[in-house]
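Naming: A, B, ... by sequence-line order, numbering from 1 per chain.
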Amino acid sequence: MSEPRIGVYVCHCGSNIAGIVDVEEVTKFAQGLEGVIVARDYKFMCSDPGQEIIKKDIQELGLNRIVVASCSPTLHEATFRRVCQEAGINPYLFEMANIREHCSWVTEDKEKATEKAKALVSAAVRRVIYQEPLETREVPVNPNTLVVGGGIAGVQAALKIADSGHKVYLVERSPSIGGHMAQLDKTFPTLDCSACILTPKMSLVGSHPYIELMTYSEVEEVSGYVGSFKVKIRKKARYVDEDKCTGCGICQTKCPFKVDSEFEVGMGKRKAIYTPFPQAVPNIPVIDREHCAYFLKGTCRACEKFCEVKAIDFEQVDKVVEIEVGAIIVATGFNLFDPTPIYQYGYKRLDNVITSLEFERLVNSAGPTGGNIVLKDGSTPRSIAIIHCVGSRDKNYHEYCSNVCCMYSLKFSHLIKEKTDAKIYQLYIDMRCFGKGYEEFYDRLSEEGVYFIRGKVSEVTDQITSEEGKLTILAEDTLLDSVIKLPVDMVILSCGLEPQLDADKVTRLFNISRSADGFFLERHPKLDPVATMNDGIFVAGCCQGPKDIPHAVAQASAAAAEALAMISRGKVEIEAATAVVNEELCSGCRICNALCPYNAIDFDEEKKVSRINEAVCKGCGVCVAACPSSAITGKHFTTKQIVAEIEGVLV
Amino acid sequence: MNFEPKILGILCKWCSYAGADLCGTSRKKYPPNIRIVRVMCSGRVEPTFILKAFEKGADGVLICGCHPGDCHYAEGNYKTVRRFPLLKKMLSQLGIEDERVRLEWVSASEGERFASIVSEMTEQIRRLGPFSRNNGGGNG
Amino acid sequence: MAKLKVALYWAASCGGCEIAQLEIGEKILKLAEAADIVFWPVAIDVKYKDIEAVPDQSIDACLFNGGIRNSEQEHMANLLRKKSKIMIAYGACAYEGGIPGLANMFNRQTIFDRVYSETPSTDNNDKIVPQTNYQVPEGELTLPEFYDTVRTLRQTVDVDYIIPGCPPEEKTTWLALEALIEGKLPPKGSVITHNVKAVCDECPRKRDVKKVKKFYRTFEIISDPEICLLEQGLLCAGIATRGGCGAPCPQTNMPCTGCYGPVEGVIDQGANFLSAVASVIESNDPEEIQRIIDDIHDPVGTFYRYSLPDSLLRRARIK
Amino acid sequence: MRKISIDPVTRLEGHGKIEIFLNDAGEVENSYFQVPELRGFEKFAEGRLAEDMPQITQRICGVCPEAHHMASSKALDDLFHVDPPSPAKKLRELLYSAFYVTDHTTHFYILAGPDFVMGPDAPVAERNILGVIAKVGLELGGAVIKTRMQNHHIIHMLGGRAVHPVFGLPGGVSKGLNEEERKEVEQIARDSVEFAKLSLKVFDDIVLKNKMYVNMITSDAYTHRTYYMGLVDENNKVNFYDGKVRVVDPEGKEFAKYPPREYLKHVAEHVEPWTYVKIPYLKNVGWKGFVDGNESGVFRVAPLARLNAADGMATPLAQEAYEKMYSTLGGKPVHYTLAMHWARLIELLYAAERLMELSRDPEITSPNIRTIPTATPDEGVGIVEAPRGTLTHHYITDEKGVIKKANLIVATVNNAAAINMSVKKAAMALIKPGKEITEGLLNRIEMAWRPYDLCLGCASHTVPGQLAMPIYVYNSEGILIKSLD
């Protein structure tokens, strides 16, 4: 390490610092510190002339380390590092003393503030002596991208990237893409038909030259790191040859076995060989082993007999394919809250108490009833209650607001109005109509003569029957401040959105984290809403939190943009301040092995030492602090540097 | 007496250091006795740092990190949660009062909280008096 | 080449270091060829006065064992430093204070109270305690002054080399003596051992990722002889202790207690040991963590078994 | 007024020193045996874990760490109310017997031997092991080295380390013995028995066949009528590892016999302001100062005391030798301090024979070496016979087994009073007005305390037998006139 030649620059920041701290004295003090060649103070160090002073000194005085005492490093560390670099000093040989946010702005006593400023400067000076040049490292980015989840978010992200001419692997675990949106009837607030806007996108995906669609498939393993992930994907056996199948559908008509349809949420039937819904993409059926007579009894094979192209293949087995991608977009969607546990609402217990998704199918012209809103007995309801916040904003289930329920509930009342003249009661806690055109939609519905009752429903019962209805709602009207009894024929539970039931498995798979509500955690709630803690892995749609279609689509496009940014740059910078194991000192005790949140540490069984994969390391230093041999160095935050800094502040 | 304690603050870069910054930008005042050192994560804090501080004449040490669950590195601060109580147990065995060493969670939005913690701690230590390697006797 | 002049001395130690020096067995002859032992109270009848008489720097090397507990030991340390070209701290006590250094949890007063009054077998109603100067009818008797704090040799005089261990294993002793004889000593300040890595490097036990849910005490379990003791919940200091000993204790089914001192470059052995142990506690729940560390009843005695006087804090504070 | 002075003189030396004051007539007025060092284990044991005591307390003494290790392990058995499996006890005793062989060998040949083999008047330069070997022959010399090495090897094998073993635990030991190791031990034991027999023969030839020595041994200068203490088994035979403490009076009558737990009823420690070591005495007789006889609580420990306090040896050859000694020296008890050397060799033989027995014990290779304690720890006392005497460890803990109080009465220290007296008596008998004080003369004074095999490693931390316990002679004005150091 060359003899330190340090330049110290004390910033006045106008009067922000100089008003409290005696900058001249601090400068004089700095001048006297070991290794300091020059110390100056200036009005605004971050200004161009300020920066010029530093550059000039570096060149003329041959400085090799720089300390600037000014504001918080979060503001100008980057600035001054750049200055150093431009003047030919490695940016990591720069250190900043925060004498504004941590000193002049929080202290009134000028004398003590000046003392503190001195301490902070001496700390920075001592620290910088031990700092070492670091190279910011770059790794190449594989131009292919993996999108996990074929709902609207996944579809949107895939298309955006593919349209730019880069390969996308879209993995969906069910037989078809489309996700929840495919099950919806109309979409609020514009009321355009969900299928009409979704299916074109779906078929685009199906036929896109840059999209390799893998339905009925699941991600099994992810290794590698940003820019070059290796992903293993299991393609579950369809028992139908995708290349041969023409999607004629004859097999489905011939199949003798009927099963409850998942797509119709149990309200309709499908065959043992099936495509979830008519517009499925790909339009290739799968055989559901659990219910196929051949797999159960060893006979039948009707589908096989009638398939002209001989696409049926009972011998098919799962295939595991390995792909390499530079970025991954996780869009695994949500799970609709199951209201069965809320006993008092009677779901699954009382006829004509249904969930919002069931209603979507009920009202859908392609649905089981052809779009007729009917009760179990086939009659048309005369009154319908829609209960909001089922499973949301509820300490017993989910504390968060599911964002979409108010709006789809309003949508429901409109659809009901269109098709029946039933009385409609909206039982809500608060109406949340925050989006574009949402409030207007709310107004419109109020005019359509929907009853809005503010209050939480305490019970839905069939014990109190009356002329007007088979069911009775017991609730408190908090506006009238009275307990009310509502006789109705049908109750729709506006269920909330919750994380997929296997979300925890997914977090482990992709090494990302979840927030308290169980949805995937974005790197920053405001400024980095699609990135995750794991570089190169992005989130989009409801897996990150409940949201409506426009927001899901927007986030998906954002995620696509993030991936494309990486791809078009061709390389990514990775953390320079990583941790490294000194193999001369590592005894192979393996204390550190389990500590890394990024699994960056592995053990070399040959040499019996632990090793850190610097490409994966984020430099948190947890392993450094744990190493009993001090054999791990946390670059730019070495024990030497930090101890020197501690000694410095305590002068 | 007008004893001015020296307190070392070791703050994680992502939450607590930012919280202290916020404290400054919103001009919240707190005693100047604390001197802040920045680390990437509270999980980087070695017990050695705290002992070193006392060796070098600190009267107290304050460690701040992100709230559990909010760690920028997912779980770094949980390692702090593991180390700190054991260190405290040893320090009390060595006759170092509880108030001299504190671990607090301060998020980037809790400038207010940071200020009150520092003020409170400064007062407590002022009352305790200076830290010294007191051997309770006269010689050696 | 002229024979080396070597002095050996002990201070606050147990005599185990002398035995260890004798344990080099037949190699002692090799030593005798190359060096004259000018001072070794254990085996050779040379007087202190002779040492005071010899010119400064006239002894080539002094192997000094034991910590500095009283005024006499301090005096001898200074005297031998003055007379010797090379001062070698031999053994854990000279190096780090050693087990007698645990006395730094107390001070002279509390120790005297215990030894000379409180102990149940002691009969001392007149509260007599030993005096540094005492008049007996026939004249004056003197005793060295007992200090409050045990200090290491390095805290007392300038030390050139360190031979760690309680006591140093025979091979470690010989490694140093051989280097001395052949004039092949490492740079000043070196700790002389066969290994700069921690004891784990020499421990034959199988090691895996560490996750500890409960810490056990040695008598509470019969440990698996194949597997890392720490993984079995025993507080083995091997992870934080310099090797070179060959890991004899783990091979006797007992945890290492740290007598070879910190690994090269470590600032505070106990602090590192503590940090590592706490880090592998398998829980993120404060209550559970508290429960788990409740089983560590003597952190200082566990993490600083030999090194309290050499630690950053050196001793407990006593109100 | 005569001023005698022997070079060299220094006031700083020693981890044990003797000060002799003369009166105007030049006769010995008084003498003091001082231990100038203390480390305070009784105090800093507080707060430590009980199970760490065997390793912590053995740092009291690196010469006899095994003794502290054993006393401590036994105290822990008592503390945790756990009875180790019999193989574990036998392994402990096996290691301990091997240790006895090395220790007694070291003392007799390297430290005490020279006085007899070379004669007290031989020049210092010759009065050492090399001189001994020169005289008795390289073969024996080799045997001495070999015996020490071999038995150290046993300690290393079981205890893990040559110095400061690590195998003692409450309820047993950490490591067992396999068949190959057992064979090795048996072989070593066989050699050791032969060596012990040879050593007794050497003593016979060189000492007992020499009138001058026998007279010296039986001379009044080296005689004290005191109580004697030692550990005995259920048959009142000498036992190093286990049993009850037995005390006999100067007539040899049993004065007391008690289990370790009751030691406080029988032993107390007196404090003098001029030494850091405490001076034990028999509580039920009382402290009467540095005097002997039935009225004084002063008692003696170590080999001769053990033999005096017992009714015999538990092994055949040793028993023979035991009987021979008493018949030669006129029956029990023997009060001649110098007979300590003879007694030591008899114990050497016993230790070797015991080692042999244990090495052939069918249980010795059993893997059943630990009992896990389950009871709540509270208080425990462990007593063994260290080569230098009865060694007591006493711990009181909290319910977690953390030491609250510790008390240690260390082997050598039991002889503190006796040493004082022996030195004074020898000095008085030997230093006479007008008689020149030769080195030989002062060495004869040394010979008065050397039999105790003074281990100041225990009392403070000198290694036994070295000349590190200087003798200072002062005239009536308190001026140092002579010293041997």
Exercise. Walk me through it: do K43(D) and M105(C) pass the test side-chain contact (heavy atoms from CB on, under 4.5 Å)?
Key: CA-CA 9 Å; K43(D) 188 60 187 178; M105(C) 293 298 286; over 6 Å; no
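- Checking side-chain atoms of E169(C) against main-chain N and O of R161(D) turns up no donor-acceptor pair under 3.5 Å.
- Counting heavy-atom pairs under 4.5 Å between each of N70(C), N124(C), T257(C) and chain D puts N124(C) at the top.
- Counting only distance, with no hydrogens or angles, the side chain of R39(D) and the backbone of A103(C) share no donor-acceptor pair below 3.5 Å.
- With chain C as the partner, the residue from E51(D), H394(D), E42(D) showing the most heavy-atom pairs under 4.5 Å is E51(D).
- With a 4.5 Å cut-off on non-hydrogen atoms, C259(C) touches chain D through its side chain but not through its backbone.
- No hydrogens or angles considered: a donor-acceptor pair under 3.5 Å links the side chains of T119(C) and K278(D).
- Both the backbone and the side chain of K405(D) come within less than 4.5 Å of a heavy atom of chain C.
- Other residues, nucleotides and ligands contribute at most 12 non-hydrogen atoms within 6.0 Å of the NZ atom of K400(D).
- Between the side chain of R114(C) and the backbone N or O of F44(D), no donor-acceptor pair lies under 3.5 Å.
- Judged by distance alone, the side chain of Y276(D) and the main-chain N or O of P144(C) form a donor-acceptor pair under 3.5 Å.
- In this structure, the side chain of R217(C) engages the main chain of G401(D) through a donor-acceptor pair within 3.5 Å.
- For chain D, the nearby part of V129(C) is the backbone; its heavy atoms alone come within less than 4.5 Å.
- Expressed to the nearest 0.5 Å, how far OH of Y32(D) lies from CG of L141(C) amounts to 6.0 Å.
- Side-chain atoms of R370(D) come within 3.5 Å of backbone atoms of F219(C) as a donor-acceptor pair (strictly under, hydrogens ignored).
- Ranked by non-hydrogen atom pairs under 4.5 Å with chain C, the options E46(D), R148(D), Q58(D), H156(D) are led by E46(D).
- Residue contact with chain D, scored on non-hydrogen atoms closer than 4.5 Å, involves the backbone of E220(C) exclusively.
- At a threshold of 4.5 Å between non-hydrogen side-chain atoms, the residues R305(C) and D52(D) count as touching.
- Put simply, of V136(C), T302(C), N133(C), the one with the most heavy-atom pairs under 4.5 Å next to chain D is V136(C).
- Between G168(D) and M254(C) the shortest heavy-atom distance is O-CE, 4.3 Å.
- Between chain C and the options P280(D), G40(D), S174(D), the largest number of non-hydrogen pairs under 4.5 Å is found for S174(D).
- Top candidate by heavy-atom pairs under 4.5 Å with chain C, chosen from R48(D), E272(D), K175(D), is R48(D).
- Contact annotation for I409(D): only side-chain heavy atoms (C-beta onward) come within less than 4.5 Å of a heavy atom of chain C.
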